[in-house]
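My questions will all concern the structure given below.
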Amino acid sequence: MSLNDRVRASITAALAQLANAGDLGEQGKSALAEDVAFSVERPKRPEHGDLATNVAMVLTKRVGKPPRAIAEALVKALASSDVVKSAEIAGPGFVNLRLHADAFHHELRDILRAGTWYGRPPSGSGERINLEFVSANPTGPMLVAHGRGAIFGDSVGRLLEATGHRVAREYYVNDFGNQVRLFAASVLASSQGKPVPEDGYKGAYIDELARWLTKVDPASLASDEATLGRTCVTWMLRGIPGSKDLPGIKRTLADLRVEHDVWYSEESLHRWGAVGVALRQLDDSGFLVRKEGAVFFKAKDEGADDKDRVVQKSDGLYTYFASDIAYHADKVARGYDRLINVLGADHHGYVARVRNALEALGLPSERFEALLFQLVFIYRDGEVVKSSKRAGNIITVEEVTQEIDEASGRKGAGADALRFFFLSRGANSNVEFDIELAKKKSLDNPVFYVQYGYARLCSIAKKATELGIARPTTLSAREWATLVDADELAIAARLAEFPETLREAAANREPHRIVFFIQELAREFQSYFTRKKTDPILPQASVRAVAGWEKTWDFDKTAARLAWIEAIRCVYAQGLDLLGVSAPERMDLPAAIAAEDDGALA
RNA sequence: GCCCCCGUAGCUCAGUGGAUAGAGCAGCGGUUUCCUAAACCGUUGGCCGCACGUUCGAUUCGUGCCGGGGGCGCCA
C-alpha cells in the first residue's frame with residue numbers, strides 16, 4: 001500500500017465513522033455505499049500541506065451539505081489518524097493534510113524493500129502487446145527522426161513492461177516493392193560505374209555497399225533485382241564492418257539501447273500468399289472495387305470515392321497498403337491483446353485506414369493503437385540544421401551520437417543525450433535538439449545535471465563505506481526517528497509519487513512524465529545537498545580531525561540519512577532505466593578541472 | 001476543400017474541471033573552503049490565440065474562427 005493509499009484509507013475510514021455517527025446526515029450512509037472518486041494530491045503550494053483532498057467538494061452533491069461543513073466534520077474525524085497529523089480546511093472546501101513523519105518512513109521502508117522494483121505491479125499481469133516501432137525503410141541510414149521513433153517506442157515498451165504488460169518489440173522490414181527495387185538498381189548502377197537511375201538512391205553508402213558486394217558477394221550483383229534487393233537490405237540492417245557510412249540499422253539501434261524481438265519481413269507476406277488471402281477475403285465481403293484498371297479498398301463512408309485506397313496498381317503490383325492489411329491481420333492472428341504502432345505524425349492518414357481494414361476483415365480493430373510523434377529539429381550554434389532527404393543534407397543518428405561521444409570522451413554519451421532530450425517532450429510536441437548543449441560537461445546540460453545527481457548519491461554511499469560507516473537498509477525505530485528534516489521528508493514524499501507517475505506515464509504512453517519526475521527529483525536533491533553543506537550527512541575531514549569525534553557524532557541520524565539516500569537512489573535508478581539513460585556511479589571530471597585539482601594538491 | 005498536431009513567461013516547453021497557472025534557459029539581486037563541479041537561494045516576467053457554449057467553477061470539455069506545422073486514391 002502506497003503512502004497515497006494509506007492516506008486515502010484514513011480518509012475513507014474517517015468518513016465511514018462520520019456516516020455511522022449520522023454526522024453526514026440522512027444520505028450519508030448511502031452516499032458512501034458507492035466508491036467516491038476523490039483526489040489526494042500534493043498541493044501546488046507547500047504551505048498547503050503535504051497532501052490535499054477534494055473529497056468534501058466531491059461529496060457535496062451526494063450528501064446534500066455544503067463542502068465546508070463536510071470538511072469540518074472530516075477534520076475532526078481525522079484527529080485520531082496515525083497517518084494524518086493535522087488537517088485544515090482551505091479555499092472552497094479543500095482539506096489540507098500534514099502527515100506524521102512516520103508515514104514517510106513507512107514509505108521509505110517500502111522502497112528499500114522493493115529496491116528498483118518499487119512501484120511496479122507483478123509482471124505478466126497486464127496485456128500481451130505487440131509494439132511496432134522504427135520500421136524505417138532499410139534503404140538508407142537511420143535519420144534523427146527515425147531515432148526519435150526508436151527511442152520513444154523503446155521507452156514506451158519499458159513503461160509497459162514495468163506496469164505488468166508483456167511486450168514484443170517488432171520492426172517491420174519493408175523489403176518489398178518499388179523502393180527496394182530502386183535501391184537494388186542504384187547499388188547495381190554504382191557497381192558498374194554507371195549513373196544511378198532517375199529517382200534512385202544516392203550517397204556514399206550506396207557506393208560503399210556496391211564496392212562491398214563486389215568484394216564479398218559478386219554473385220548477388222548478377223542475380224535478379226528482387227534477390228539483390230533482399231541482399232542489400234540485409235547488409236543495411238547488419239552493416240558493413242568498420243564502416244562509418246553504413247554502420248547497420250541494428251547496430252545503430254543497439255547503440256541507442258533499442259532492441260527488437262521480431263524482424264518481420266514484408267516480402268515474406270507476399271511469398272507466403274498472405275496478401276492475396278487478405279485481399280480475397282476483403283473482395284468476398286465486398287470491400288474492394290475495381291476502377292481505372294486498379295483495385296481499391298473502399299472508403300468507409302458511402303460516396304467518398306476519393307478516399308478509396310489503391311491496393312493493387314494497374315500494373316498488377318500490390319501497394320504497401322495491401323501488405324499492411326495482411327501484416328496487421330497476421331498480428332491479430334498471433335494473439336496479441338493490443339497492437340501498438342509508433343509512427344511519424346506524417347503517417348496519421350494511415351491510422352484510420354488500417355483500423356478500417358481490420359474491421360472489414362472482421363477483426364477487432366479496437367486493439368489497434370497508433371502513437372504519433374512530431375518532428376525533430378537539430379540545432380547547432382542557435383541555428384537549425386536542415387534535415388531533408390531532398391536537400392541531400394541529411395542528419396543521421398550515427399553522426400550525432402558520434403560527435404557527442406567524441407566530445408565527451410565516453411561511448412554512450414550521445415545515446416544518453418538523444419534519449420534524454422527526445423523523451424523530454426510530449427510526442428505531440430516538436431523536439432529541439434541542441435548539439436552544442438548536449439556536448440557540454442556542465443550542469444546547464446540537463447542530461448549531465450540529472451546524471452550528476454545520481455552519481456552524487458552513489459558517491460555518498462561509497463564515501464560512507466570508505467569511512468567504515470555501515471549502511472543498513474533496515475533501521476531501528478530510534479534511527480528512523482532522527483529523520484525529521486522537512487527537506488528530507490519532502491523528498492520522501494516525492495519518491496512516494498513515483499508509482500502513480502509510472503502508472504500514468506505507461507497508461508498514457510508518455511515517457512516525458514518520467515523525465516520531468518527525474519528532473520524534479522534531481523533538482524530537489526541537488527538543492528538539498530548544496531544547502532545542507534553546513535550539516536553534512538557524513539563526518540567530514542574537519543570533524544574527524546578532532547580526537548574522539550565518534551563519541552559526539554550522531555550515528556543514528558547518519559544511518560537514517562544513508563537509508564534515505566539509498567531509497568532515493570532506487571527510485572532514481574528505475575527512472576533512468578525507464579528512459580534508457582545510463583546511471584553513472586561517478587562522473588569523470590573534464591581534463592581542465594582534473595588538472596586544476598591536481599595542482600591544488602601539489 | 002478534407003484530415004491530424006500545435007498555439008501557455010523574452011525563448012524552449014510542462015500542466016490541470018477547482019486554491020494565487022509551473023519548470024529550464026535568458027534577465028536582475030544575493031550566497032557558497034569540507035560528502036567530486038561551472039552550483040545554491042531569491043526575484044522580474046502571463047487577456048493560458050480569439051469568441052461563444054456546458055458547468056457552482058473552464059487555461060482544461062464542446063463548437064466556431066484566426067494563426068503556425070504536417071498529410072491527403074496507382075510512393076512508402
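Reminder, nothing fancy here: chain letters follow the sequence lines and each chain counts from 1. The model shown is predicted, which means the values in this text are computed figures rather than measured ones.
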Whole Å only: how far is the CG atom of A:Asn428 from the C1' atom of B:G70?
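To the nearest whole Å, that distance equals 12 Å.
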Looking at A:Tyr449, does any N or O in its side chain come under 4.0 Å of the phosphate oxygens OP1/OP2 on B:C25?
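The answer is no; no side-chain N or O of A:Tyr449 sits under 4.0 Å from OP1 or OP2.
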Is B:C75 paired to anything, Watson-Crick or G-U wobble with both distances less than 3.5 Å, and if yes, which nucleotide?
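In the structure as shown, B:C75 has no Watson-Crick or wobble partner.
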Measure from CZ on A:Phe517 to C1' on B:G24 and round the result to the nearest Å.
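It is 18 Å, rounded to the nearest whole Å.
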Nucleotide B:G22, atom C1' - distance to CZ of A:Arg494 in whole Å
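The distance from CZ of A:Arg494 to C1' of B:G22 comes to 12 Å, rounded to the nearest Å.
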Could you give the CD-to-C1' distance, from A:Glu369 to B:C4, as a whole number of Å?
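Rounding to the nearest Å, CD of A:Glu369 and C1' of B:C4 are 17 Å apart.
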For a quick check of understanding: with a heavy-atom distance under 4.0 Å over all strands, which category does A:Ala90 fall into, base, sugar-phosphate or nothing?
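Counting heavy atoms under 4.0 Å across all strands, the contact made by A:Ala90 includes a base.
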Look at all strands and tell whether A:Ala352 reaches a base, only sugar-phosphate, or nothing, counting heavy atoms closer than 4.0 Å.
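Result for A:Ala352 = nothing.
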Given that both distances must come in under 3.5 Å, which nucleotide forms a Watson-Crick or G-U wobble pair with B:G57?
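Its partner: none found.
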Between B:A14 and B:U54, how far apart are the two P atoms, rounded to whole Å?
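Taking atom P in both B:A14 and B:U54, they lie 32 Å apart.
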With a 3.5 angstrom cut-off on both distances, give the Watson-Crick or G-U wobble partner of B:U33, or none if there isn't one.
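Result: none.
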Other residues, nucleotides and ligands only: do more than 12 of their heavy atoms fall within 6.0 Å of NZ on A:Lys462?
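Atom NZ in A:Lys462 is not packed in, count stays at 12 or less.
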Is any side-chain N or O of A:Ser542 under 3.5 Å from a base N or O of B:C34, one able to act as donor and the other as acceptor?
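When only heavy-atom distances are counted, A:Ser542 does reach the base of B:C34 through a donor-acceptor pair under 3.5 Å.
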Considering only B:C35, B:C41, B:G15, which nucleotide approaches the side chain of A:Ile537 most closely?
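Closest of the options to the side chain of A:Ile537: B:C35.
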Rounded to whole angstrom, note down the C1' distance from B:G49 over to B:A58.
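Per the computed distance, 16 Å lies between those C1' atoms.
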Does the ring of A:Tyr452 lie flat against the base of B:A37, closer than 5.5 Å centre to centre with planes under 30°?
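It does not: the ring fails the test against the base of B:A37.
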Under 3.5 Å on both distances, the Watson-Crick or G-U partner of B:G17
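Partner of B:G17: none found under 3.5 Å.
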Between B:A39 and B:C5, how far apart are the two P atoms, rounded to whole Å?
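39 Å, rounded to whole Å.
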To the nearest Å, how far apart are A:Ile514 CD1 and B:A14 C1'?
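It works out to 14 Å between those atoms.
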Mind checking whether A:Tyr264 and A:Tyr171 have ring centres under 6.0 Å apart?
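They do not qualify: ring centres at least 6.0 Å apart.
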Under a 3.5 Å limit for both distances, which nucleotide forms a Watson-Crick or G-U wobble pair with B:C65, could you say?
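Answer to the pairing question: B:G49, which forms a Watson-Crick or G-U pair with B:C65.
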Is the shortest side-chain N/O distance from A:Arg456 to OP1 or OP2 of B:A37 below 4.0 Å?
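Checking A:Arg456 against B:A37: at least one side-chain N or O falls below 4.0 Å of OP1 or OP2.
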Whole-angstrom distance between B:A23 and B:U43, as gauged at atom P
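The answer is 10 Å between these two P atoms.
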More 5' along RNA chain B: A:Val95 or A:Gln526, using each one's nearest nucleotide?
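The residue closer to the strand's 5' end, by nearest nucleotide, is A:Val95.
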Without decimals, in angstroms, what is the distance between A:Phe373 CZ and B:G70 P?
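The answer, rounded to whole Å, is 16 Å.
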Heavy-atom check, side chain of A:Ile537 versus side chain of A:Lys463, under 4.5 Å:
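No. Closest side-chain heavy atoms not under 4.5 Å.
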What nucleic acid atoms does A:Phe94 come within less than 4.0 Å of, heavy atoms only: base, sugar-phosphate, or nothing?
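Answer is base: heavy atoms of A:Phe94 come under 4.0 Å of a base.
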Between A:Pro43 and A:Lys532, name the one whose nearest nucleotide on RNA chain B is closer to the 5' end.
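Per heavy-atom nearest nucleotide, the more 5' residue is A:Pro43.
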Return the nucleotide paired to B:C25: Watson-Crick means purine N1 to pyrimidine N3 with N6-O4 or O6-N4, wobble means G-U with N1-O2 and O6-N3, both under 3.5 Å.
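Partner of B:C25: B:G10.
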Taking only the C1' atom of each, what is the distance from B:U55 to B:C72 in whole angstrom?
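Those two atoms are separated by 38 Å.
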All N/O pairs under 3.5 Å across the protein-nucleotides 73-76 of chain B interface:
unit_1: B:G73; atom_1: O4'; unit_2: A:Asp308; atom_2: O; d: 3.3
unit_1: B:G73; atom_1: O2'; unit_2: A:Val310; atom_2: N; d: 3.4
unit_1: B:G73; atom_1: N9; unit_2: A:Asp308; atom_2: O; d: 3.3
unit_1: B:G73; atom_1: N7; unit_2: A:Asp305; atom_2: O; d: 3.1
unit_1: B:C74; atom_1: O2; unit_2: A:Ser314; atom_2: N; d: 2.7
unit_1: B:C74; atom_1: O2; unit_2: A:Ser314; atom_2: OG; d: 3.0
unit_1: B:C74; atom_1: N4; unit_2: A:Glu292; atom_2: O; d: 2.8
unit_1: B:C74; atom_1: N4; unit_2: A:Glu292; atom_2: OE1; d: 3.4
unit_1: B:C75; atom_1: OP2; unit_2: A:Lys313; atom_2: NZ; d: 3.1
unit_1: B:C75; atom_1: O2'; unit_2: A:Gln179; atom_2: NE2; d: 2.6
unit_1: B:A76; atom_1: O2'; unit_2: A:Asn137; atom_2: OD1; d: 3.4
unit_1: B:A76; atom_1: O2'; unit_2: A:Asn137; atom_2: ND2; d: 2.9
unit_1: B:A76; atom_1: N6; unit_2: A:Tyr320; atom_2: OH; d: 2.9

Between A:Asp487 and A:Tyr528 (side chain of the first, backbone of the second, donor and acceptor by atom type, cut-off under 3.5 Å), is there such a pair?
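Absent.
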For a quick check of understanding: with a heavy-atom distance under 4.0 Å over all strands, which category does A:Asn54 fall into, base, sugar-phosphate or nothing?
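The residue A:Asn54 makes no contact with any strand.
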Between B:C47 and B:G7, how far apart are the C1' atoms? Round to whole Å, please.
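The answer is 15 Å between these two C1' atoms.
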Using 4.0 Å as the upper bound for N to carboxylate O, is an ion pair formed by A:Glu369 and A:Arg509?
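Between A:Glu369 and A:Arg509 there is a salt bridge, with a charged N closer than 4.0 Å to a carboxylate O.
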A:Phe421 and A:Val447, any side-chain heavy atoms less than 4.5 Å apart:
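SC-SC contact between A:Val447 and A:Phe421 confirmed.
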Is any side-chain heavy atom of A:Phe183 less than 4.5 Å from a side-chain heavy atom of A:Val187?
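Yes, close enough: below the 4.5 Å cut-off.
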Crowded around A:Glu585 CD? As in, over 12 foreign heavy atoms under 6.0 Å?
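No.
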Under 4.0 Å, heavy atoms only, any strand: does A:Asn96 hit a base, just the sugar-phosphate, or nothing?
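The answer is base, as A:Asn96 lies within the cut-off (heavy atoms under 4.0 Å) of a base atom.
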We want to know whether A:Arg531 and A:Ser527 form a side-chain donor-acceptor pair, criterion being a heavy-atom distance below 3.5 angstrom.
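Looking only at side-chain atoms, A:Ser527 and A:Arg531 do form a donor-acceptor pair, the distance falling under 3.5 Å.
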Within this structure, what is the CZ-to-P distance between A:Arg586 and B:A37, rounded to whole angstrom?
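So the two atoms are 13 Å apart, to the nearest Å.
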Integer-rounded Å distance: B:G7 P and A:Asn430 CG:
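Computing the A:Asn430:CG to B:G7:P distance gives 11 Å.
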Is the gap between the ring centers of A:Phe133 and A:Phe152 under 6.0 Å?
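Not under 6.0 Å, so no.
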Suppose you measure atom P in B:G10 against the same atom in B:A21; what distance do you get, rounded to whole Å?
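The same atom, P, in both gives a distance of 16 Å.
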On a whole-Å scale, what distance lies between the C1' atoms belonging to B:C11 and B:G27?
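Result for the C1' pair: 12 Å, nearest Å.
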